[in-house]
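Since the structure comes first, as structure tokens, the remarks are kept for the end.
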Protein chains: 2
Amino acid sequence: MSDASLWSALADPHRRAIVALLLERPRPVGEIVEACGLSQPSTSKHLKVLREAGLVRVRQDAQRRVYALDPAPIAELDAWLAPYRELWNRSLDALGRRLDETPDDTSHAPEEPTMKD
Amino acid sequence: MSDASLWSALADPHRRAIVALLLERPRPVGEIVEACGLSQPSTSKHLKVLREAGLVRVRQDAQRRVYALDPAPIAELDAWLAPYRELWNRSLDALGRRLDETPDDTSHAPEEPTMKD
DNA sequence: TGGTTATATTCCTGTCAAGGAATACAGATC
DNA sequence: GATCTGTATTCCTTGACAGGAATATAACCA
């Protein structure tokens with residue numbers, strides 16, 4: 001469910017920048033506005049998207065709202081990534097010749113040739 | 001900046017489905033069309049996006065074009081993820097237990113090729 | 001209460017991406 | 001060359017999203 005919003009939330013470079021800022025430490029909106037060079041409304045809208053994706057959470061501090069990273073969805077991403085990481089490790093193994101078309105890498109791929117049509 | 005195109009390429013659920021299909025094995029376009037339930041032109045357009053993001057590569061086989069996953073950009077994603085994974089581990093440590101949510105038993109499988117988000 | 005600060009929301013507009021239909025293109029076979 | 005298959009591309013329409021300006025809301029303070 002949150003998967004779709006998670007990916008699309010992180011698809012925006014500004015939002016990734018915000019997430020990177022929050023990786024260092026939690027920050028109030030004003031600080032994010034200043035650091036990103038976005039307008040305050042725009043920043044608030046991005047923060048809303050990140051909130052709805054579960055990537056950040058808010059703590060109210062007087063009039064300020066301090067945003068902090070919530071790493072749980074990141075773990076989701078990580079889990080999604082896992083099978084691909086394996087493939088990547090295998091292909092690192094089989095490295096040596098990776099020009100754009102090398103049909104002989106099937107000797108290292110465990111399950112390629114079942115391509116009957 | 002293949003980074004931007006990488007994220008936006010994966011932001012689309014159909015394209016993630018295609019990528020998941022190609023994780024199993026390389027496939028010609030027709031097979032992807034059938035598996036995803038998209039039209040052929042739409043599928044070709046998605047494949048173009050994935051190609052331009054470096055996520056897939058093509059091998060020509062007679063009239064068919066066989067697409068295969070290229071795991072290198074995935075490694076880029078993984079690198080981006082690394083600092084957050086650290087944060088996640090730290091918070092796991094400090095947390096102990098905050099699992100009132102559904103346990104993510106599907107967390108090790110990539111998305112089903114059937115588009116569900 | 002009124003004013004000030006900090007943030008969120010609404011309205012509007014331009015841009016961009018997705019999907020469908022039709023078409024173009026490439027390779028194979030005859 | 002004619003034609004068939006498989007795939008890519010173009011054109012068009014529609015919907016989603018980003019950003020700016022103005023405004024609303026909430027918390028604090030005098």
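Not measured: the values here are computed from a predicted model. Within every chain, numbering begins at 1; the chains are lettered A, B, ... in the order of the sequence lines, protein sequences first and strands thereafter.
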* To do: Taking atom CZ of A/R64 as the centre, report whether more than 12 heavy atoms of other residues, nucleotides or ligands fall under 6.0 Å from it.
  => no
* Structure fact -> The single option from B/R59, B/E31, B/R51, B/R57 that satisfies side-chain hydrogen bond (donor to acceptor under 3.5 Å, both in side chains) with B/Y67 is B/R51
* Distance, rounded to the nearest Å, where B/K48 contributes NZ and D/dT10 contributes C1' -> 10 Å
* To do: Would you check, one step at a time, whether the test side chain to side chain contact (heavy atoms under 4.5 Å, CB included) holds for B/L22 with B/R27?
  => CA-CA 7 Å; B/L22 296 182; B/R27 295 175 195 258; 4.0 Å; yes
* To do: Would you kindly confirm whether A/L87 and B/L81 end up in one hydrophobic cluster when ILVMFWY residues are joined by side chain heavy atoms under 4.5 Å apart?
  => yes
* Side-chain N,O (A/Y67) to OP1/OP2 (C/dA6) below 4.0 Å -> no
* Structure fact -> To the nearest angstrom, the CD-P distance between A/E52 and C/dA8 comes to 12 Å
* Structure fact -> the helix from C/dT1-D/dA30 to C/dC30-D/dG1: angle between terminal helix axes, five bp per end, to the nearest 10 degrees, reads 10°
* Structure fact -> Tested for side chain to side chain contact (heavy atoms under 4.5 Å, CB included) against B/L55, the lone hit among B/I18, B/D70, B/L6, B/L77 is B/L6
* Structure fact -> Scoring nucleotides 17-30 of chain C by protein non-hydrogen atoms under 4.0 Å (B base, S sugar-phosphate only, - none) yields -SBBBB----BS--
* Quickly work out the A/L50 CG to D/dC17 P distance and round it to whole Å. => 14 Å
* Structure fact -> On a heavy-atom basis, the closest approach of A/Y84 and B/R16 is OH-O, 4.5 Å
* Return the value, rounded to whole Å, for the distance between atom CZ of A/R64 and atom C1' of C/dT7. => 12 Å
* Asked: Any side-chain heavy atom of B/I74 within less than 4.5 Å of one from A/W88?
  -> no
* **Heavy-atom check, side chain of B/D78 versus side chain of B/R85, under 4.5 Å** => yes
